[in-house]
Amino acid sequence: MGHFLLNQLAFVRTLTLKEVEGIDEETSHLVPVGFNNNIKWNLGHIYLVQERFGFHFTGDKMMMPDEFNSWFGRGTKPADWQGGVPKMDELRALLKDQTERIKRQTAHRLPHPLAEPFTTSAGLTLLSVEEMLTYSLYHEGLHSETIKSIKRVL
């Protein structure tokens, strides 16, 4: 199961990155009518949540600036951004490297229980590293579909 899960993480990430190929800075900042966020926010949010699920809740060091939470955390929006939000190329590079780091650092402890269970905003309680990463597939899929929807509207 663990090896399969890590392969799925890499596969889903490849699809997400393929979806944003050719998206330039200007386009990444557009927020269409009916949407709360833009393509860049969705990418940053995917990265932030995956860092938490892959590293934070397991006690490992996350690889991101402190400002990521204020830019891409739950309830944030591009209209409130302060400071140097990463460029699209930077986000793509972070996202590309993230799944390999997760594989290297967590593959050996997928079934291990979390020090403290985590309950998602939807009410699902996750008890292990494997459960966190499995749930992250759903999370990334939601935001990848939002990116597709934004692209269709644009």
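For the numbers below, each heavy atom of this structure counts, side chains included, while hydrogens, waters and symmetry mates do not.
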Novice: Ring-plane angle category for Y135 and F53, please: parallel below 30°, perpendicular beyond 60°, tilted otherwise.
Specialist: tilted
Novice: Decide yes or no for V129 and L114: does some side-chain heavy atom of the first lie under 4.5 Å from some side-chain heavy atom of the second?
Specialist: yes
Novice: Checking S144 side chain against E140 main chain: does a donor-acceptor pair fall under 3.5 Å?
Specialist: no
Novice: Identify the heavy atoms of G54 and L133 that sit nearest to each other, and give their distance.
Specialist: CA-CD2, 4.0 Å
Novice: Could you measure the distance from the CE atom of M132 to the OG1 atom of T58? Nearest 0.5 Å is fine.
Specialist: 8.5 Å
Novice: Which value, rounded to the nearest 0.5 Å, describes the distance between L126 atom CG and F57 atom CZ?
Specialist: 9.0 Å
Novice: Kindly indicate, with the supporting measurements, whether the criterion side-chain contact (heavy atoms from CB on, under 4.5 Å) is fulfilled by I23 and K151.
Specialist: CA-CA 9 Å; I23 300 291; K151 283 175 59 180; 4.1 Å; yes
Novice: How many angstroms lie between CG in L95 and CD in Q50, if you round to the nearest 0.5 Å?
Specialist: 9.0 Å
Novice: Show the nearest heavy-atom pair for residues W71 and Q82, with the distance to one decimal.
Specialist: NE1-O, 2.9 Å
Novice: Hey, are R13 and E100 close enough for a salt bridge, meaning a charged N less than 4.0 Å from a carboxylate O?
Specialist: no
Novice: Kindly give the heavy-atom pair with the smallest separation between N37 and I150, and that separation in Å.
Specialist: O-CD1, 3.6 Å
Novice: Can you find a pair of side-chain heavy atoms, one from L15 and one from E19, that are under 4.5 Å apart?
Specialist: no
Novice: With a 4.5 Å limit on heavy-atom distance, are the side chains of P117 and L127 in contact?
Specialist: yes
Novice: Donor-acceptor pair, T146 side chain versus L142 backbone, under 3.5 Å?
Specialist: yes
Novice: For H139 and H45, take the angle between the two ring planes, folded into 0 to 90°, and tell me which bin it lands in: parallel under 30, tilted 30 to 60, perpendicular over 60.
Specialist: tilted
Novice: Measuring only between side-chain heavy atoms, which start at C-beta, is L154 closer than 4.5 Å to P32?
Specialist: yes
Novice: How about W41 and V85: do any of their side-chain heavy atoms sit closer than 4.5 Å?
Specialist: no
Novice: Rounded at 0.5 Å granularity, tell me how far NZ in K96 sits from CZ in R101.
Specialist: 14.0 Å
Novice: For residues E51 and M63, determine if any side-chain heavy atom of one lies less than 4.5 Å from a side-chain heavy atom of the other.
Specialist: yes
Novice: Quick one: salt bridge (charged side-chain N to carboxylate O under 4.0 Å, His left out) pairs with a partner in residues 22-49, sequence neighbours left out?
Specialist: E25-K40
Novice: With heavy-atom distances below 4.5 Å as the criterion, would you say the side chains of N69 and R52 are in contact?
Specialist: yes
Novice: For R152 and S149, what are the C-alpha separation, side-chain angles and deciding distance, and is it a side chain to side chain donor-acceptor pair (under 3.5 Å)?
Specialist: CA-CA 5 Å; R152 276 192 295 271; S149 296; 3.2 Å; yes
Novice: Please report the shortest heavy-atom distance between L94 and Y47, naming the atom on each side.
Specialist: O-CE1, 3.4 Å
Novice: Rounded to the nearest 0.5 Å, what separates atom CG in N42 from atom CG in L91?
Specialist: 11.0 Å
Novice: Can you see which heavy atom on F55 is nearest to which on K61, and at what distance?
Specialist: CB-O, 3.9 Å
Novice: Could you tell me the separation between the CG atom of L124 and the CD atom of E131, rounded to the nearest 0.5 Å?
Specialist: 7.5 Å
Novice: Checking side-chain contact (heavy atoms from CB on, under 4.5 Å) for the pair M88/T27: CA distance, chi angles, key distance, verdict?
Specialist: CA-CA 10 Å; M88 282 295 287; T27 303; over 6 Å; no
Novice: Please find the pair of heavy atoms, one from F68 and one from L48, that lie closest to each other, and give the distance.
Specialist: O-CD2, 4.2 Å
Novice: Return yes when atom NZ of K77 has more than 12 non-hydrogen atoms of other residues, nucleotides or ligands closer than 6.0 Å, and no otherwise.
Specialist: no
Novice: Taking the side chain as every heavy atom from C-beta outward, state whether V31 and N36 have any pair of such atoms under 4.5 Å apart.
Specialist: no
